[in-house]
Amino acid sequence: MTKPPCAGSARSAPTTACSWSPRIPPYKSLGELIAAYKASPTDFSVAGGGAVGSQDWMKGSLLAKAAGQEPKQMRYVALEGGGAVLTALEGGHVKVGAGDAAEMSKHHAAGKVRVLAVMAPDRLPGELAEVPTAREQGVDIEWPVWRGYYVGKDVSDADYKWWADAFTKLAATPEFVKEREARGLYEYTQVGDAFDQQVKADVARFKIIAKEAGM
């Protein structure tokens, strides 16, 4: 056992992207993609940079569910990282790619792929500022990718509080903000009880979808 998570900050906001290849219909919104997926799910392969059960698989599963499809029926293509997903999209080998905003933003700005939605609570700054969230488009999907820090079960409450306070102060420093932005990351800071609740809620959602997928 451990104490509740101490602090977390999102690595990146998940995105759903569709290739601009002339061989693939140029969907311009998440709603258009979902409608097409629902009409003919076997025509859609969804690429992700991880195996079944990974974060990218989860994003694809949420898309499948939004289209009224079972996640276990999804044609998921497990690739070696986000670079491989982008290569497959740009080459027209898959129709949909699930990935992180940080790795897709440059390709979106260059017109090589089209990011249809971000699965974040709010729109993102920078090159994806014009891309609406899934919820803005009437699709109830939110799945931020976070990373966090934990302390062991024997750490005192006083020491736990010290670390939580330290992370709160650190996240607000110009140095931390500069480092986060340099790595293409987005602010999503949760500390103490708030992060604990976020972790538990996301794990509960993952278990439900994993069970539905027969995992």
Side-chain angles (χ1 to χ4, degrees), residues 5-20 26-34 46-50 54-60 62-63 66 81-87 89-90 96-149 164-192 194-195 197-199 201-202 205:
C6 190
S9 182
R11 180 168 67 95
S12 183
T15 65
T16 298
C18 181
S19 172
W20 274 35
Y27 305 112
K28 296 182 179 179
S29 72
L30 187 60
E32 289 182 7
L33 174 62
I34 289 174
V46 180
S54 67
Q55 289 284 350
D56 282 356
W57 173 85
M58 174 61 74
K59 301 164 202 171
L62 292 171
L63 179 66
V85 172
L86 285 162
T87 298
L89 272 174
E90 292 171 22
V96 182
D100 290 342
E103 63 196 10
M104 288 192 170
S105 60
K106 296 294 184 184
H107 294 255
H108 172 79
K112 295 180 178 179
V113 300
R114 175 181 290 151
V115 175
L116 298 179
V118 293
M119 298 179 183
D122 304 295
R123 290 198 185 196
L124 302 178
E127 293 169 321
L128 296 178
E130 86 287 359
V131 178
T133 67
R135 284 183 172 169
E136 278 185 81
Q137 301 179 67
V139 183
D140 190 18
I141 294 178
E142 185 178 310
W143 194 261
V145 179
W146 42 257
R147 294 292 183 267
Y149 295 88
D165 290 344
F167 277 116
T168 299
K169 294 175 183 177
L170 173 66
T173 63
E175 293 83 1
F176 182 85
V177 172
K178 182 179 179 180
E179 184 68 16
R180 187 186 67 229
E181 291 177 346
R183 296 178 181 276
L185 310 182
Y186 301 90
E187 183 178 6
Y188 188 76
T189 302
Q190 301 269 15
V191 179
F195 186 48
Q197 293 172 15
Q198 178 76 61
V199 171
D202 285 351
R205 290 172 62 198

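Below, all heavy atoms of this structure are taken into account, side chains as well, without hydrogens, waters or symmetry copies. Quantities reported herein were computed from a predicted structural model and do not represent experimental measurements.
Under the rule for a side-chain hydrogen bond (donor to acceptor under 3.5 Å, both in side chains), the partners of R123 that lie at least two apart in sequence or sit in another chain are E136. The side-chain contact (heavy atoms from CB on, under 4.5 Å) test applied to S29 returns E32, Q137, not counting sequence neighbours.
In this structure, the side chain of D56 engages the main chain of G49 through a donor-acceptor pair within 3.5 Å.
The heavy-atom pair separating G97 from L89 by the smallest distance is N-CD2, 3.8 Å. The shortest non-hydrogen separation linking I141 to A134 is O-CB, 3.6 Å. Taking both residues in full, the closest heavy atoms of A101 and L128 are given as CB-CD1, 3.6 Å, listed atom of the first, atom of the second, then distance. Of all non-hydrogen atoms in A66 and V139, the two that sit nearest each other are CB-CG1, 3.9 Å.
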- Query: Given V191 and D165, is the side chain to side chain contact (heavy atoms under 4.5 Å, CB included) satisfied, shown in steps?
  - Reply: CA-CA 8 Å; V191 179; D165 290 344; over 6 Å; no
- Task: Kindly indicate, with the supporting measurements, whether the criterion side chain to side chain contact (heavy atoms under 4.5 Å, CB included) is fulfilled by R135 and D140.
- Result: CA-CA 5 Å; R135 284 183 172 169; D140 190 18; 2.8 Å; yes
- Task: Start with the C-alpha gap between V113 and L86, add the side-chain angles, then the distance that decides, and say whether side chain to side chain contact (heavy atoms under 4.5 Å, CB included) holds.
- Result: CA-CA 8 Å; V113 300; L86 285 162; 4.2 Å; yes
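Contact of the M104 side chain with the V85 side chain is registered, since non-hydrogen atoms from C-beta on lie closer than 4.5 Å. Looking at D100 and K59, their side chains come closer than 4.5 Å, going by heavy atoms from C-beta outward. Between E127 and H108, every side-chain heavy-atom pair lies at or beyond the 4.5 Å cut-off.
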